[in-house]
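Down below is the structure, laid out as C-alpha cells.
Every value quoted in this text rests on a predicted model; they were computed, and no experiment measured them. Lettering of chains follows the sequences in order, A, B, ..., and the numbering in each one begins at 1.
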Amino acid sequence: MRYSIFALARGALTKHRHWHPAWRDAAPNGPYDVIIVGGGGHGLATAYYLAKIHGVKKVAVLERGWIGGGNAGRNTTIIRSNYGLDGNTQFYEWSMKLWEGLEQDLNYNAMVSQRGVLNLYHGDAQRDAYARRGNAMRLHGVDAELVDRDAVRSMAPFLNFDAARFPIQGGLLQRRGGTARHDAVVWGYARAASNLGVDIVQNCEVTGFVRSPEGRMIGVETTRGKIMGGKIGMAVAGHSSQVAEMAGLRLPIESHVLQAFVTEALKPLLPGVITFGAGHFYVSQSDKGGLVFGGDIDGYNSYAQRGNLPVVEDVCEGGMALMPMIGRVRMLRSWGGIMDMSMDGSPIIDRSPIDGLYLNAGWCYGGFKATPASGWCFAHLLARDEPHPVAASFRLDRFATGRVIDEKGQGAQPNLH
Amino acid sequence: MNRLESGGLIDRGKPLNFVFDGKKLAGYEGDTLASALVANGVRLVGRSFKYHRPRGILTAGSEEPNALVTLRTGARSEPNTRATSVQLFEGLVAESQNRWPTLGFDLMSLNNLLSPMFTAGFYYKTFMWPASFWEKVYEPLIRRAAGLGKASTQPDPDIYDKAHAFCDVLVVGSGPAGLSAALAASQAKARVILVEDDWLLGGRLLCEDQDIDGAPAVDWVRRIEGILTAMPNVSMLRRATVFGAYDGGTFGAVERIADHLAEPKPGVPRQRLWKICAKRTILATGAIERPLPFGGNDLPGIMMAAAVRAYATRFAALPGNEIVIYTTTDSGWAAARDLTGCGANITAIIDARASAPKGAARFAASAGIRVFENAVVVDASGGRRLRSLKLRSADGKIFELTADVLAISGGWNPVMGIGCNLGSRPVWSDAIHAFVLANPPAGMTLAGSAAGRFSLAEALDDGHRAGAAAAADLGFSPPPTKIPPCSEDATGSMPLWHVEGAKQKVFVDFQHDVTDADIGLAAQEGFRSVEHLKRYTTLGMATDQGRLGQVNGQALLARHLGKTLAETGTILSRPPFLPVAIGAFAGHHREMNFRPERRTASHDWAAENGAVFVDSGPWKRAQWFAIPSDQDWLDSVTREATAVRASVGVCDVSTLGKIDIHGPDAGIFLDRLYINMFSTLAVGKARYGVMLREDGFVLDDGTTTRLADDHYFMTTTTANAVKIMQHVDYCRQVLWPELNVQAVSVTEQWAQFAVAGPNSRLLLQKVFPDLDLSNDAFPYMSAIAVTWMGVPARIFRLSFSGELAFEVAVPARYGDALVRILMREGRDLGVVAYGTEALGVLRIEKGHPAGNELSGQTTATDLGFGRMMSQKKDYVGRVLAVRPALTDPMRPSLVGLRPAARSERLRGGAHILPLSSENRADNDLGYVTSVAFSPMMGSWIGLGLVSGGQGRIGERLRAYDPVRNGDVEIEICSPVFVDPEGVRVRG
Amino acid sequence: MRIPCPYCGERDGAEFTYCGDASPVRPAADAGEAAFVDYVYMRSNPAGEISEHWYHGQGCRNWLIVKRNTRTHVISAAMLAKGSAP
Amino acid sequence: MAEIIIPRGAFELHLRDLPPVSGANTLKVDERLESAMATVMSRGDNAALAARIHDAFGIVLPSGPQRVSNGVEAFIGVGPGVWLAVFEKAGPQRASKLAASLAGLASVADQTSAYAVLRITGEAAREVLSRGAFIDFDPSVFGPGSAAVTTISHIGVSIWRIDDAPTFEVALFRSYADSFWHWLTTTCTALGVGLVRHGGSARI
Ligand SMILES: Cc1cc2nc3c(=O)[nH]c(=O)nc-3n(C[C@H](O)[C@H](O)[C@H](O)COP(=O)(O)OP(=O)(O)OC[C@H]3O[C@@H](n4cnc5c(N)ncnc54)[C@H](O)[C@@H]3O)c2cc1C
Ligand SMILES: NC(=O)c1ccc[n+]([C@@H]2O[C@H](COP(=O)([O-])OP(=O)(O)OC[C@H]3O[C@@H](n4cnc5c(N)ncnc54)[C@H](O)[C@@H]3O)[C@@H](O)[C@H]2O)c1
Ligand SMILES: Cc1cc2nc3c(=O)[nH]c(=O)nc-3n(C[C@H](O)[C@H](O)[C@H](O)COP(=O)(O)O)c2cc1C
Ligand SMILES: [Zn+2]
C-alpha cells in the first residue's frame, strides 16, 4: 500500500487497521539467485536495486538479528559528498544524487535533510587542504564553497570565535550535505525491497559457507539451516572479517568502536552539520531535537558496541571548545558501533578471490552516506559481474598494487583514520 | 496550600522564595522544586512532547518524565531540568516548556486533535511531496513542535572540574541496602566510596514510615551516616550520580557541587566529573514503581503512589484533598497507611488483584476508606486536572469516583541500568514480575530492591551480605555484625499491562506520548523486536530513558505477539544513567584551555617584539614580527625574508622534534629507519634523511647529526615529533630488540635558533668569539658541541633557507638569554627576527618539501628523493615503496610554479589543469601544495605535485581554484627558485 | 579501560596508544613484496582473544603486548613487547 | 663578551606573582632551579650499572617506579632500564660528568632544562594532585619514595613523593609550564586551597 497523507487520513478514521507490515518477515525459502548477508542499509539497498534495476527475481537478505541493528542503526546520520580523492568523489556524489530522489523512489520519508555540512578550519594549511578538496569536488561537478570566518559567523553565531584555543578561520561548506533519518533508510529499503519480492530473513545468522566441489560458493549455513544461492554478497560491515574468515579469507580490515551521543531534546538550535577541524567533534540536531554528536574512534579493536570514558571526555571537550553554550545541555545516551576500518580508509566493493562470493566492506565510520550508492554499485557487480564505473576504484587488490585511496594520508594504521 | 503542619524533613524555620512561570511562590529548605510546587497546589507543570497534553508531576524522583522545567535564566538557563531532582534554593526561577504561548493555553495542543493521524511513525508515511518542501516547510514545523526546552545560546558561565578516586568497594546508592553494604565493607577495613544522588542519605527510608532497631528508620540512617563519616577509609559523595560503568572497574560519576545554590561561589565549580576505579561494586540503586494502564492516565493529579507517599512523608506536602489509590501491589497499601498517618484524606483504594493483602480490610475500615477488590480503573477524566475516574469491577459493574489525586502503583522495576552498561542483559523474572540482572559484570553485585528484593528486611540483609562479601573477596575480614530488626513490609504484586474498554488514550511512555495503540500499530506493521518497537514508536527514548514506562510497553508488545516478556526481552541501558551536562565531561578543557599550549624559550621575547603567534600543533610559534612600518602581514614577511637573504636573521626552530639516539648499534639502527645511510656518517657531521612508513610512503624528514661514535642527534618535523618518537621506540623495542640502542626525546632540553644569511657567520663569531667557524674549519653540514659561558651548547651548519646558515642550540633555560644576545650583537648587521612565514618563503624558494608536501600521500620519488633510497640495506618501507602504483612515472611529482602574469597571486590547494581544457576531473594533473610571495623572484611562487612533474618544466598550465574564484595561468619550473647551484649555502 | 603495565602498574587506557594486532611479524628483508603486503595490510581481526600492541606513551614509553578479548574488553595479560613473543 | 647569562625558570613569572595567602589551607609550591637532571638509559647490563651507581652515589638503583635518594642525588625509575637522575645544587655540566662516569654501561641525556620541576608541599597536596592525575595517591599505595609517570590535564608529568609532609615533586616538559600552572591554580581555587611560595629549598 502506498504511503501518503491520504492513507494516513483514512487510517485516522479506521483506527489504522489497514496498515500491513512494512516488510514481510520472511522465512528462508531458497535456492536464491543472490543471497545478501547482512541486513543493514547496504545489504537492503543492494537487494532493492538487484530486484528493481536488474530484475533479479529471487533475492534474500539474511540478518542475524533485527534489520538495522548494526551500524545502520547507530550512526550520526551525516550524508555528504565532500571527498577529495578520485575514486571517492564520484562515488559519494552518486550516492548524494540517489539520496536526493530516494524518498520518492522508495515511497518512504527518510527525512533526507540537506541543511549543509560545514567543516571548520583553523589555520592556513588546513584551509589549503580544504581548498584542494573543494576544488576536486568542483572538478567532479559537486557543490563546494570555501567560506571565511565572517560567513561562518553569520551561519552559526553561537560558535566560539573569540576565546578559542584554535580560532575558527573559516570552513568548507557543502550545502547539499546534511542528514537523513537512519532507521527510516533501513525500513524504507526493506519495505521497497520486500514489495519487489525480496525475502528479508531476520534472526538468521550466517555461520558458514557451502562450496561446490570446484570451490565455488553455492550457499550458506545459517542458524536457520542451509540456504543455497547462486551468488553470495557480503554486506556485514563490522563483522566483515568474521564472515570472511568462514570463507577462509583475511581482509585488510580491523573492527573498531566509534561512539556517538545524543542530548536531551531541545528546540531548534543548530542549522546544519558542523565539524570541528581542530578538535574531535562533530554535531547536528535531530528532528526530535537532540544534538547528535561524536568524535574520534576509541582506537582499539572491538566487537563490544560500546566504548570508554576517555573518548567521551575528549568529544565533550571538543564540543565545549567549539560551542561553550552547550555546557548545560545534557547528554542523554551514548552508544558504540563496530566499524569496518579498512587500511586506507576507503571501501571495498569487489569480487572476492572465491568464485561466487562478493565483498562490500571497509566503510569505516563513513558508510551511512554511501548506503544508496553502495547498494546500487554492489547490485551492479552482483548482477553483471563487473564493477560499476563509479565504484571501480574500490578494488581489493589495491593494497597489493599500492593504488590505495587514502584521503587522510595516514597509511595502514586504522586507528589513525 | 497543601503543606502539612508538622513532620517531614523540611526546615520550617527556613522559608525560601522562588518563581515558577512568573508566579512568586514559597517553600522551605529541604524541599525539591517539585515538592514546593505540590505544597503550593500547582498541578499543571508541563506539556507533553508530541500532543502537548497538559501534564503534572508524576513522580518524586529522577525518573520524572513530565515535570521538566527550564531552570534559571539567561546564560545559566538549563532546559529539561527535572523539578523532582532540583533542591529548592532562595531565588530559584523556573519556567515550564514546550508550550506556546502559555502553559495553560497552548496552541500547539491542536496536535492532540490531530492525534488520530499522528500515530507511531506517521512522518515516514507522508511529507514526501513536493520534495523541496521537506527542508523548507515540513521539517521546520516538526522541529519546532518537537524538542523540549530551549538551550541558551550564550557560553556557559560556570566552571567544571575533574577528579579521580580509587577504592576497594564502590557502593552506589544509600538506601538501606547501600548503607548496610557500606557499613559492612568499611568495618572490614576496605576502602569504601559511597555515592548518593540525593543530598540526603537514606533512599526510600526518607519517604516511608518504617522502623529499624525499634526507632524510626531516619534515626538509623543518621546513626549509620555518623559512623561512616567518622571512618577514615570511607568517602561519601552526596548530590552525585554514578552515570556509567566502563571497562576495568572504572566508573563515571558527576557531583553537583553548586546546583543547589543560586550560583556557584567564584572559582568553585558547578559540577565535578569523578572517575572512580573500584575493585568491587555494589549497586544498591533501588527500584522504580510502574504506572498502570487506563484511559487518560496522564492527567495532572495522577501520580505514582510512592511519590504521593514521598511528598507527604518527606516533604510534608499533600498533592490533593481527595485521594484515591489504585494498586496492584502491597506497597500501594503501605502508601495508603503512611498517607493516612499524615492525615491525608483517602477516599478509596482500588486493588486490581483478586483480594487485598492481609490486614487491609481492617486498616481500611478503621480509616474509613472504601475498598474495591478485583477492580480496574478504565478511564480518568477532567480537563487540565483529574476530576473523576471510572472503574470496573470483576463482574463488569462500572463505578465513578471523584478524586483530585489518583495514586497508582503497578509493581516495581529494579534499577540496574549501570549493571547493563558492559553488556549484561536483564532477564525476566516471573517470581517478581520484573526484569532482573541475573549476570552482572565481574566484580559487581546488586543489592536490595535493585536486585529485586523489595522488602526493607531484605534490603538490610542483602546490603550487609554484599558489603561483607566484597570485602572478604579482596582479602579483608569482615567482623561479625548483627543486622538490625525492622518493620515488615509485604512486597506482593501482580502485573497489569492492559485494560479493556478505555475510551481515552492509554499512555505508556509519558514524555514521548507513546500510547498502547501505538504499540499495537507498531506490532501490526512488523516492528516486532523490542529494538524496532523502541525506534519506531520512540518508546523509552525520552529524557527518562523509559525508566517509568518502557517495561509496560514491552509487555504490550509481547501481548500483541502472543509471546512472554521472557521471550521478547528488554533493551540495554547505556550511559549516562541520568542525563549529564556536557560541561561536566569537558571540565576546564574548554575555550583557551581546550588543549595545553607549548611555548618555546623565546616566547616572551618574541611577544615583546611584536610576534604574531600561530598554532603549530600544540606549539605557539612566532609567525612574523610586526613592526610599526609594516603595512600588513605580507610586508612583515617580505621584510624578514629579504633581510635574511641580504644580511642575517634569527628564527626559533626549537619546536622541531629532537631525539637523542645512543648505543653501539645506533648507526645500524638509523640505517633501518632512514632510506639513506647513517652508519657511514662521520662524527661531527650532519645528514638530511627521509623516513618511510612501512607501506612505502614518506613518513618524515629531518637532519641527523653524529655527535660521537655511539651518539646521534635526530631532528624531526614539528608536526611529527611525537609520532616519530613512538616510531623509534617501536623499531627498537619491537622490530629489532637485538640492537643495543637507547633513545629519548630531548626536544625540550634544547632551545635552538637558526641564524641564517650571508652575515650569519659574522654574527655567530661575535657570540662565539673563540670558535673557528670558517668554511674550512666548519664546512656545510658540520656540527660541534661547545661550552658557551659555562653551559653546553651545540652549533650546526645547517640551512633550510639556502643561505649560509647555522643552528645554535643551548639548554632551554638559557634560550631567552641567547636570543636576546644574538639580536643585540646583530643589531649593527641589521639582524631581523623571522617567523614561520618567512621561514616558509625561504624554503619554498629553495624547493624544500615541508608539511604540505609530506602529506602522507607522497613517495620519496614524488618529492625528488628517489636517488637517496639506498640499495644496500633494508629499511622500513623499502619493499612496498617499489610497488607499481608508487613508481608509476605519471604520479604527480614535485615541481615549481610561477604565475604566467607575474603580478598574479597563487593559492595553495588550487588544482592544476591543461590550459584550454574543460574543468573536469579527468583533466586534473595535480595541485598546488605551497605558495609564497618571493621577494627574490618578485612574484608569487609555488610548489606543486604535477603528473609528469619535471618533464613539464617550461609548460604553461593553469591553476584552477573555483572555491576562491581564482583561475591563474602558471608556468611549471624547477622547484629550486633561488641559487640552484647551491653556492650561497656553502659560502 | 585499565591496562596493567608491567612497569608502571595498572593505568587508565588513555595513557596508552593502541597499535593493533601484535601477531604479524615483519618479514625478512628478502621475503618479497607479497609477504610485506600481507604484513602491512592484512588482519585476522579476531572476535575474541587478541594479542595486541599498546604503547605506554604517557608513562614508561614501553611497547606492550596485551592479551585482550575484543568482545568483552577483558584483559588477561600484559607484558613488555621487548623480549616477548605475541 | 664577559657577561653572565641568566637561566630562566619556567614558572618564574607565576611564582613571582603569587599573592600572599595566609590561612590554614595552603599549599607550598616552588620551582626547583638549582638541580641538574639527566635521563640514564641502561645499555643492557643493569647489574653492572647498579653496582657502578652504588659505588658512586651509595644509591641502590630502583628496578621499578621508585625514587631512591642519598640526600643530594636521586635516581627515579621511569621505565625498565631508564632512570631520571636528579642532582641537587649541580651545575650545567653535571650530566656530561655523569655520562663519563657511566660510560659503557649507560647512555645519558642531559635534561636539566627539559623539565620544569615544581615542589609541592602541604596537607592538600594529595587531593590537588589526584584531581589531575589518575593515580592512587593514598599513602598506603603512594608513600615516600614512590614515583609515577602519567598525565595531568593532558600534560605529561613525572611525580614522585619525597616525604611525609607530604612533599611531592612534579616534573613536566617546560614548554607546558603555563598550561600546567593554569590547571594548578584553578584546581586549588576549586578546592579552596591557597598557593604560597615555598621559600628556601629543602635538601632531601
Ligand atoms: C557511531 C557511528 C557513527 C557513524 N556516523 C556516520 C555518519 O555520520 N555518516 C556516515 O556516512 N556514516 C557513519 N557511520 C558509518 C555507517 O554507519 C556504516 O558505515 C554503515 O552503516 C555500514 O553499512 P551497513 O549499514 O550495511 O552496516 P550494518 O548496519 O552494520 O549492517 C551489517 C549487518 O550485518 C549483520 N551481520 C553481521 N554478521 C552477520 C552474519 N554472520 N549473518 C547475518 N548477518 C550478519 C549485522 O547484524 C548488521 O545488521 C557511523 C558509524 C557509527 C558506528
Ligand atoms: N514494598 C515494596 O514493594 C517495596 C518496593 C521497592 C522498594 N521498597 C522499599 O525501598 C527500600 C529499598 O532499599 P534500597 O536500598 O534497595 O533502595 P532505595 O530506593 O532505598 O535506595 C536507592 C538509592 O540509590 C540512589 N541511587 C540510585 N541510582 C543512583 C546512581 N546511579 N548514583 C547514585 N545514587 C543512586 C537513590 O537516590 C536512592 O537513594 C526499602 O526500604 C524497601 O522497603 C519497598
Ligand atoms: C541519530 C540518532 C539519534 C538518536 N536519538 C536518541 C534519542 O533521542 N533518545 C534515545 O534514547 N536514544 C537515541 N538514540 C540512541 C539509540 O537509543 C540507541 O542507543 C542507538 O541506536 C544504539 O543502540 P543500542 O543502544 O541499543 O546499542 C539515537 C541514535 C541515533 C543514531
Ligand atoms: Zn608503563
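When each of B/R191, B/K279, B/K275 is checked for a salt bridge (Lys or Arg N to Asp or Glu O under 4.0 Å) with D/D136, only B/R191 meets the rule.
Contacts with chain D were tallied for B/R820, B/R272, B/H711; B/R272 has the most, counting heavy-atom pairs under 4.5 Å. The candidate with the highest count of non-hydrogen atom pairs below 4.5 Å against chain D, out of B/N593, B/I257, B/V741, is B/N593. Contact count versus chain B (heavy atoms, under 4.5 Å) is highest, among D/G91, D/G44, D/G132, for D/G132. Counting heavy-atom pairs closer than 4.5 Å to chain D, the top-ranked of the candidates B/V268, B/D660, B/N740 is B/N740. Of the residues considered (B/G267, B/A743, B/A601, B/A751), B/G267 shows the highest number of contacts with chain D, using heavy-atom pairs under 4.5 Å.
Checking B/E748 against D/S113 by side-chain atom types alone, no donor-acceptor pair falls below 3.5 Å.
Residue B/F713: no heavy atom, backbone or side chain, is found under 4.5 Å from chain D. Proximity to chain B is absent for every atom of D/A95, based on heavy atoms less than 4.5 angstrom apart. D/V108 touches chain B through its backbone: at least one of N, CA, C or O sits under 4.5 Å from a heavy atom, while the side chain does not. Looking at D/T39, only its side chain comes within 4.5 Å of chain B, counting heavy atoms on both sides. Contacts between D/L33 and chain B at a heavy-atom distance below 4.5 Å involve backbone atoms as well as side-chain atoms. Heavy-atom distances place both the backbone and the side chain of B/P664 under 4.5 Å from chain D. Both the backbone and the side chain of D/S153 come within contact range of chain B, judged by heavy atoms closer than 4.5 Å. In this structure, the portions of D/H154 lying under 4.5 Å from any heavy atom of chain B include both its backbone and its side chain. The parts of B/A163 that come within reach of chain D are both its backbone and its side chain, each placing non-hydrogen atoms under 4.5 angstrom from that chain.
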(request) Report the C-alpha separation of D/Q93 and B/T787 in whole Å, then their side-chain angles, then the decisive distance to 0.1 Å, and conclude whether the side-chain contact (heavy atoms from CB on, under 4.5 Å) test is met. (result) CA-CA 9 Å; D/Q93 303 290 358; B/T787 298; 3.4 Å; yes
(request) Starting from the C-alpha separation in whole Å, work towards a yes-or-no answer on side-chain contact (heavy atoms from CB on, under 4.5 Å) for D/I4 and B/M789. (result) CA-CA 7 Å; D/I4 297 169; B/M789 296 199 267; over 6 Å; no
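Remark: B/Q749 CD to D/D110 CG distance equals 4.0 Å, nearest 0.5 Å. One distance of note links CG of D/D178 with NZ of B/K620; it measures 12.0 Å at 0.5 Å rounding. A distance of 8.0 Å separates CG of B/L818 from CD1 of D/I5, quoted to the nearest 0.5 Å. Distance check, rounded to the nearest 0.5 Å: CH2 of D/W183 to CG of B/D161 gives 10.0 Å. Separation of atoms CE (B/M592) and NE2 (D/H182) is listed at 10.0 Å; rounding is to 0.5 Å. Rounding to the nearest 0.5 Å gives a distance of 10.5 Å between CD of B/E597 and CD1 of D/I155.
D/Q111 and B/S745 make their closest contact through NE2-O, 3.1 Å (heavy atoms, listed as atom of the first residue, atom of the second, distance). Nearest heavy-atom pair across D/M41 and B/V744 is CE-CG1, 3.7 Å. Closest approach of D/F134 to B/C277, counting heavy atoms only: CE2-CB, 4.2 Å. Between D/S107 and B/G663, the closest heavy-atom pair is OG-N, 4.2 Å. Closest non-hydrogen pair, D/S179 versus B/P596, comes out as OG-CA, 3.4 Å.
Contact annotation: the side chain of D/I135 never approaches that of B/H164 to less than 4.5 Å [non-hydrogen atoms, C-beta and beyond]. Annotation: side chain of B/R599 is not in contact with side chain of D/R174 (no heavy-atom distance under 4.5 Å). Two residues are said to be in side-chain contact when any heavy atoms from C-beta on lie closer than 4.5 Å; D/S96 and B/P792 fail this criterion. Under the 4.5 Å side-chain criterion, counting only non-hydrogen atoms from C-beta, B/D604 is in contact with D/R8. Within the 4.5 Å cutoff, side-chain heavy atoms of D/S175 are placed close to those of B/W619.
A salt bridge is defined here as a Lys NZ or Arg NE, NH1 or NH2 lying under 4.0 Å from an Asp or Glu carboxylate O, and D/R43 with B/D710 meets this definition.
Ring-centre distance between B/F166 and D/F142: not below the 6.0 Å cut-off.
When the side-chain hydrogen bond (donor to acceptor under 3.5 Å, both in side chains) test is applied to D/Y176, no partner is found at least two apart in sequence or on another chain.
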